[in-house]
There are 2 protein chains.
Amino acid sequence: MAEVSIDDVAARAGVHRSTVSRAFSRPEAVNAATRKHVLEVAESLGYRVNPLAQALRRRASKLVPLIVPDITNPFYGELARTMAAAAADRGYQLVLCVTGGEVAQTNAYLTSLQEMYAPFGIVAPSTSVDLDELQNVALGSKVVVVDRVEQAQVPTVTVDSAEGIALAVDHLRGLGHRRIAYVSGISGAYTSRDRLAAYEGLAAELDMPAMILDAGTGPDVGERAAERLVRMTAEERPTAVIAANDMVAFDLISALGVRGVSVPSEVSVMGFDGLEFGARFNPRLTTIRQPIADMGVIAIDLAEKLLKDGETAHVVLAPDLLIRDSTAEVPR
Amino acid sequence: MAEVSIDDVAARAGVHRSTVSRAFSRPEAVNAATRKHVLEVAESLGYRVNPLAQALRRRASKLVPLIVPDITNPFYGELARTMAAAAADRGYQLVLCVTGGEVAQTNAYLTSLQEMYAPFGIVAPSTSVDLDELQNVALGSKVVVVDRVEQAQVPTVTVDSAEGIALAVDHLRGLGHRRIAYVSGISGAYTSRDRLAAYEGLAAELDMPAMILDAGTGPDVGERAAERLVRMTAEERPTAVIAANDMVAFDLISALGVRGVSVPSEVSVMGFDGLEFGARFNPRLTTIRQPIADMGVIAIDLAEKLLKDGETAHVVLAPDLLIRDSTAEVPR
DNA sequence: CCGATCTCAGCAATCGATTGCAGTCGCGGC
DNA sequence: GCCGCGACTGCAATCGATTGCTGAGATCGG
């Protein structure tokens with residue numbers, strides 16, 4: 001188990017260590033036969049290049065921070081999983097950074113990882129991350145942002161909110177719903193805002209009343225929205241609710257349950273995210289699915305493109321409709 | 001933004017770089033006045049020691065792998081969060097490694113991080129991790145295991161299954177339940193097994209029939225258990241079910257819902273884990289809470305103790321009962 | 001006043017790689 | 001036969017720290 005270094009390989013193969021180095025990192029710069037020999041010797045000794053030494057010299061490591069506000073939220077969990085896989089595919093090692101939504105934490109992580117020569121970072125911003133501020137931070141210019149909507153000087157990958165909301169409204173109207181409310185809130189406030197705008201736009205367009213049950217933030221959006229809903233008279237009460245994201249939908253359904261309102265028989269509820277967990281909720285959640293897996297690999301791609309060409313692209317993905325059991329025909 | 005190195009500080013402070021180094025890492029070895037001066041200069045230049053260079057020289061970095069089978073599962077999410085915080089407190093940086101339950105992945109991550117001179121690792125084993133095999137892997141001896149029950153040559157931190165199950169059964173019996181079934185399964189198979197044993201033991205002791213609805217693994221335990229339950233006659237059907245963990249409970253409740261069985265009015269269901277998400281489920285889940293936050297800091301403590309004294313402790317924590325809405329008095 | 005002891009800071013080797021520069025060797029052209 | 005050129009490879013500096021060893025002063029006792 002003694003660690004074998006490049007010099008060991010060099011000695012054993014009868015070449016200089018620079019040749020060993022080149023055999024690994026610049027194959028074309030070394031004679032094919034020599035290279036083969038070196039590689040064999042390395043293999044037989046169980047040599048592997050030391051990532052720290054390499055990073056120190058090259059001033060570029062393989063560590064990539066993924067910055068999320070809350071890993072407990074399955075949305076970020078799924079994001080982390082696909083991201084980790086995509087990163088590993090390209091030889092990177094994901095470093096998880098949980099900020100708890102604090103921008104100071106985000107900055108701290110970013111600088112800390114820059115000190116480890118991280119080539120770039122991925123950030124899934126919480127409410128308060130100010131992108132402009134991001135620019136001033138170490139590594140700030142080499143960052144790709146996921147699930148954030150505003151155009152910025154950094155690459156982004158998001159899902160088309162308008163399309164998603166349209167899908168949701170279509171689905172509900174197809175079931176006969178005409179009074180369709182909306183609940184905003186919690187994580188991903190920027191996305192929430194964007195989705196809210198889409199909802200309002202669509203409502204106007206379809207000449208449908210826009211009912212915002214709650215647009216606050218914090219952990220009890222569901223509670224407040226449910227409370228508000230049960231207080232309404234039968235005529236004004238919506239027959240369906242679209243939640244800004246799946247977590248809010250879960251929250252809402254739970255809070256409605258506490259108040260004796262059952263979903264979907266009395267109210268239909270839709271989410272937005274397409275979390276796998278939705279299939280295990282009670283009732284199984286109808287939702288707009290974001291292609292989270294794609295977001296992972298695309299984010300890494302964007303980052304590499306940014307490094308190579310300095311190109312700052314904004315990718316917008318299309319969501320799709322996932323019909324499960326939390327929506328039903330309008331009761332009458 | 002030019003990176004400032006130890007030599008810059010040395011030059012500016014008029015001392016040798018070794019003095020600067022000592023000012024940071026061995027305060028007692030340098031004159032107080034000199035040290036103060038050096039630190040001030042360092043501060044004014046914005047100097048921070050380069051973690052890579054330090055790790056390379058010391059052969060010990062601050063990177064700590066946390067190995068989990070599935071970060072999508074909120075249990076591991078919560079674990080990761082507390083672990084990240086505990087690690088950060090002590091100057092470590094958590095590296096998230098998601099294995100998908102494959103032992104080869106676990107080993108790959110462990111060796112990969114050992115190459116980065118990780119001082120130790122934390123593993124939350126999935127079903128198939130074989131601890132003995134762990135021993136043969138790089139870093140294998142410097143690992144602490146979380147949420148795993150068997151005694152081993154590595155430190156562990158777990159929760160007392162027997163006590164948890166006893167709490168659950170007590171609670172249910174207090175509500176009048178006499179036919180209390182159990183569903184095993186999914187993640188943390190070792191824990192599941194342990195909890196199952198506790199259930200069986202307690203059933204025997206209380207002279208209560210032991211009904212195992214399902215003891216399989218895989219993603220559809222809930223489905224199978226629900227199916228089995230609805231097929232039972234009214235006399236044999238349990239009035240309450242204890243699930244091996246919260247995720248199974250969610251799954252089960254959802255599957256029961258699909259089959260028209262409502263919780264808790266027809267059957268009470270309890271979980272085991274105490275996930276925060278349980279408070280947002282429908283109905284809000286009654287469960288046995290594990291002190292996950294404690295597990296995080298204890299795991300890090302154990303790891304440090306292992307490094308210093310070679311001491312291999314096994315910590316067993318006490319769970320507690322968290323009553324919410326998924327359990328009710330036995331219907332009659 | 002001298003030597004022993006102690007404290008502190010400098011020197012230089014080292015961790016494990018990368019890379020610009022220079023040198024070697026074979027070969028073809030004139 | 002000499003020179004230039006191309007293809008390799010070796011040399012040594014470098015990335016940014018740590019640390020054993022050495023030596024310079026200061027302190028102290030006799």
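Note on naming: letters A, B, ... go to the chains in the order of the sequence lines (proteins, then strands), and numbering restarts at 1 for each one.
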How many whole angstroms separate atom CG of A:Leu56 from atom C1' of D:dT14?
9 Å

Are any of B:Thr34's side-chain N or O atoms less than 4.0 Å away from OP1 or OP2 of C:dA9?
yes

Rounded to whole Å, the CG-P distance (A:Asp7 to C:dA17) equals 8 Å

Only distances under 3.5 Å count here; give the side-chain donor-acceptor pairs of residues 18-32 of chain B to other protein atoms, sequence neighbours excluded, each with its distance to 0.1 Å.
unit_1, atom_1, unit_2, atom_2, d
B:Ser18, OG, B:His16, ND1, 2.9
B:Ser18, OG, B:Arg22, NH2, 3.4
B:Ser25, OG, B:Ser21, O, 2.9
B:Asn31, OD1, B:Ala33, N, 2.8

Shortest side-chain distance from A:Ser5, nucleotide among D:dG16, C:dT18, C:dA17
C:dA17

Strictly under 3.5 Å: I want the nitrogen or oxygen pairs between protein and nucleotides 10-13 of chain D, one per line.
unit_1, atom_1, unit_2, atom_2, d
D:dG10, OP2, A:His16, N, 2.8
D:dG10, OP2, A:Thr19, OG1, 2.6
D:dG10, N7, A:Arg22, NH2, 2.9
D:dG10, O6, A:Arg22, NH2, 3.2
D:dC11, N4, A:Ser18, OG, 3.3

Polar-atom pairs under 3.5 Å, protein N or O versus N or O of nucleotides 23-28 of chain C: list them with distances, or write none.
none

Listed partners of A:Glu78 passing side-chain hydrogen bond (donor to acceptor under 3.5 Å, both in side chains), at least two apart:
none

Tell me, which pairs form a salt bridge (Lys or Arg N to Asp or Glu O under 4.0 Å) where one or both residues lie in residues 38-47 of chain A, sequence neighbours left out?
A:Lys36-A:Glu40

Terminal axes of the helix from C:dC1-D:dG30 to C:dC30-D:dG1 (5 end pairs apiece), angle rounded to 10 degrees, sit apart by 60°

Pull out every protein N or O sitting under 3.5 Å from an N or O of nucleotides 5-7 of chain C, one pair per line with the distance.
none

Could you pull out every donor-acceptor pair under 3.5 Å between side chains of residues 51-68 of chain A and any protein atom, sequence neighbours left out?
unit_1, atom_1, unit_2, atom_2, d
A:Ser61, OG, A:Leu63, N, 3.2
A:Ser61, OG, A:Met116, O, 2.8
A:Ser61, OG, A:Tyr117, O, 3.1

Enumerate the protein-to-nucleotides 22-26 of chain D contacts in which both atoms are nitrogen or oxygen and the separation is below 3.5 Å.
none

All salt bridge (charged side-chain N to carboxylate O under 4.0 Å, His left out) counterparts of A:Arg35, not counting sequence neighbours:
none

At under 4.0 Å, does any side-chain N or O of A:Ser21 touch on OP1 or OP2 of C:dT18?
yes

For DNA chain C, which residues of residues 44-54 of chain B approach it to below 4.0 angstrom with any heavy atom?
none

In chain order, what residues pass the salt bridge (charged side-chain N to carboxylate O under 4.0 Å, His left out) check against A:Asp70, with sequence neighbours excluded?
none

Expressed in angstrom and rounded to an integer, what is the separation of A:Ile6 atom CD1 from D:dT9 atom C1'?
14 Å

